[in-house]
Amino acid sequence: DVEMHAIMVEFGLPYEFPDHIEAIAKQIPTAITKEEIAKRRDMRASTTFTIDPHDAKDFDDALSIEKLENGNWEVGVHIADVSHYLREGSELDKEAVKRATSVYLVDRTIPMLPEVLSNQLCSLRPKEDKLCFSAVFELDEKGHLKNEWFGRTLIHSDHRFTYEEAQEIIEGVDGPFKAEILMMDKMAKSMRERRMKKGAFDFSTEEVKFELDEDGRPIGVYLKVMKDSNKLIEDFMLLANTRVAEFIGNPKSGTPRTFVYRIHDEPDPEKIFQLHEFALRFGHKLPKPTGDNTDKLIRQLLVDSEGKQEEDLIKVMAIRSMAKAEYSTHNIGHYGLGFPFYSHFTSPIRRYPDAMAHRLLQY
């Protein structure tokens, strides 16, 4: 506990919210009025569910799926409408700006928003009506985009899945909404395959997590593995993030408007040369970096090292050779994901740039 507090002091992380901020948050009306419902697309009848870690306390995204008469599928990516409650320029908003994001430590979360917002009003809990900002797509069974719509909605989550529960269904176990989850998994895998063919990199590595007892003492350690259920959510969040960014920023869609993009520049040639030299020590014979073959070199290295003892180390070094992703109103695309347009839209509970994206979409 002392060590966690030392980290918080070192980085200037706030221990708790000021009393007046907590008081303001508790005064926010919880009822959804008929007037508010009338302003929104009512999607409560659509099959909707969340998929999150077993220990998640806030659910900021949900998925819905319905089969259309033409044989395609309507898939909704529903994000908690934080900007409805977080009024621009308010005291709550100023506190969120100051914090910028939620911060996750081993045994605690330092939230961007007070608990009444993050864990209650804006948490898409099952069997409750919730206000959302949604990206709704018409897709075929291979995940090809046919149509899209962005706007404010009202949803009702039918079920809360953990990643483990959704994974069991994908692997063949019976469970609620099995057909829907299997269809979304099929779409996600097709979208992922196309993304990789277009030049995206797969840097997924095993993440070490600690298991704590009720008193915060570590009692075990385990590896967090990205399985199909995790990737399903990731792929639909990527779809929403990139389509929202292109909807705003593509000159073909009209006059480009100001927006907050998540950008990722091309790697520094010197760092790519160092990566090349590092890989040679493990026997990976790669073409010499020329500046024009960076994509091919990194992709070949990831493929060559797959399944070998040095795989994770190679991935870490490849990530370190990359530029750092950042936020900007000047779009240069996202090199690592292979997207010409990309933004952060899907986590306004824990990232202020996402709340900004929601506001800018409305103008």
Side-chain angles (χ1 to χ4, degrees), residues 17 20-50 57-66 68 74-97 111-138 147-160 240 243-244 247-248 254 257-260 343-363:
F17 285 95
H20 76 284
I21 295 295
E22 291 280 13
I24 291 171
K26 288 176 181 177
Q27 292 170 8
I28 297 175
T30 59
I32 300 175
T33 65
K34 290 182 179 178
E35 291 76 15
E36 187 59 40
I37 294 174
K39 299 175 186 176
R40 296 172 177 266
R41 179 173 173 176
D42 192 340
M43 299 190 68
R44 287 177 290 182
S46 297
T47 299
T48 305
F49 46 80
T50 58
K57 293 184 176 63
D58 58 72
F59 316 118
D60 55 5
D61 58 74
L63 296 174
S64 68
I65 180 168
E66 294 292 333
L68 301 173
E74 181 182 85
V75 175
V77 179
H78 307 289
I79 310 302
D81 191 358
V82 171
S83 62
H84 173 78
Y85 301 101
L86 193 67
R87 299 298 183 181
E88 190 174 358
S90 66
E91 289 299 309
L92 271 178
D93 188 49
K94 291 174 183 176
E95 183 68 22
V97 169
M112 183 180 79
L113 301 174
E115 186 175 349
V116 69
L117 281 170
S118 59
N119 291 0
Q120 297 176 36
L121 283 176
C122 295
S123 185
L124 308 183
R125 301 184 295 191
K127 311 302 180 185
E128 295 181 10
D129 291 352
K130 292 292 180 179
L131 303 179
C132 286
F133 209 120
S134 303
V136 182
F137 304 104
E138 180 183 342
N147 210 344
E148 61 189 15
W149 177 90
F150 307 104
R152 287 186 138 141
T153 57
L154 179 68
I155 73 158
H156 185 95
S157 177
D158 299 296
H159 193 81
R160 185 226 159 171
R243 292 309 307 166
V244 162
F247 173 74
I248 292 289
R257 294 178 286 170
T258 300
F259 203 57
V260 180
S343 183
H344 272 173
F345 168 79
T346 53
S347 293
I349 284 179
R350 60 186 179 90
R351 294 189 303 227
Y352 195 81
D354 300 52
M356 293 172 68
H358 284 209
R359 286 177 183 152
L360 290 166
L361 271 167
Q362 298 166 56
Y363 296 142

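What you see below is based on every heavy atom in this structure, not just the backbone, and it leaves out hydrogens, waters and symmetry mates.
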Whether the side chain of [X] engages the backbone of [Y] through a donor-acceptor N/O pair (distance < 3.5 Å, no angle test) should be reported.
| X | Y | answer |
| --- | --- | --- |
| Glu95 | Leu113 | no |
| Asp42 | Arg44 | yes |
| Asn119 | Glu115 | no |

For the residue pair [X] and [Y], what are the closest heavy atoms and their distance?
| X | Y | answer |
| --- | --- | --- |
| Thr50 | Ala62 | CG2-CB, 3.7 Å |
| Ala45 | Glu66 | O-OE2, 3.8 Å |
| Ser123 | Lys130 | O-CE, 2.9 Å |
| His358 | Ser83 | CB-OG, 3.8 Å |
| Ile21 | Pro114 | CG2-CG, 3.9 Å |

Could I get the full list of side-chain hydrogen bond (donor to acceptor under 3.5 Å, both in side chains) partners for [X], not counting sequence neighbours?
| X | answer |
| --- | --- |
| Thr153 | Ser134 |
| Glu148 | Arg243 |
| Thr346 | none |

For a quick test of your reading: what N or O donor-acceptor pairs under 3.5 Å do the side chains of residues 29-36 make, sequence neighbours left out?
unit_1, atom_1, unit_2, atom_2, d
Thr33, OG1, Glu36, N, 3.1
Glu36, OE2, Arg40, NE, 2.7
Glu36, OE2, Arg40, NH2, 3.1

Applying ring-ring contact (aromatic ring centres under 6.0 Å, His included), can you list everything that pairs with [X], at least two apart in sequence or on another chain?
| X | result |
| --- | --- |
| Tyr85 | none |
| Phe17 | none |
| Phe59 | none |

Tell me, do [X] and [Y] make a side-chain contact under 4.5 Å, heavy atoms counted?
| X | Y | result |
| --- | --- | --- |
| Ile28 | Leu92 | yes |
| Leu154 | Asp129 | yes |
| Met43 | His78 | yes |
| His156 | Thr48 | no |
| Cys132 | Leu124 | yes |
| Met112 | Ser347 | no |

So, taking the atom named [atom1] in [X] and the one named [atom2] in [Y], what distance separates them when rounded to the nearest 0.5 Å?
| X | Y | atom1 | atom2 | value |
| --- | --- | --- | --- | --- |
| Leu86 | Arg359 | CG | CZ | 5.0 Å |
| Asp81 | Leu121 | CG | CG | 11.5 Å |
| Asp158 | Ser46 | CG | OG | 9.0 Å |
| Asp61 | Ile349 | CG | CD1 | 9.0 Å |

### Query
For Lys26, what residues pass the salt bridge (charged side-chain N to carboxylate O under 4.0 Å, His left out) criterion, not counting sequence neighbours?
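None.
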
### Sequence-distant partners of Arg257, salt bridge (charged side-chain N to carboxylate O under 4.0 Å, His left out), two or more places apart
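Here no residue qualifies.
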
### Parallel, tilted or perpendicular: rings of Phe345 and Phe133 (30°, 60°)
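Answer is perpendicular, since the angle exceeds 60°.
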
#### Entry: Residues forming a side-chain contact (heavy atoms from CB on, under 4.5 Å) with Arg87, sequence neighbours excluded
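Per chain and number, Arg87 pairs via side-chain contact (heavy atoms from CB on, under 4.5 Å) with His84, Ser90.
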
### Task
Output all residues satisfying side-chain contact (heavy atoms from CB on, under 4.5 Å) with Ala357, sequence neighbours left out; order by chain, then residue number.
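Residues passing side-chain contact (heavy atoms from CB on, under 4.5 Å) with Ala357: Phe259, Ser343.
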
### Query
What pairs meet the salt bridge (Lys or Arg N to Asp or Glu O under 4.0 Å) rule with one or both residues in residues 118-127, with sequence neighbours excluded?
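Output for this query lists Arg125-Glu128.
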
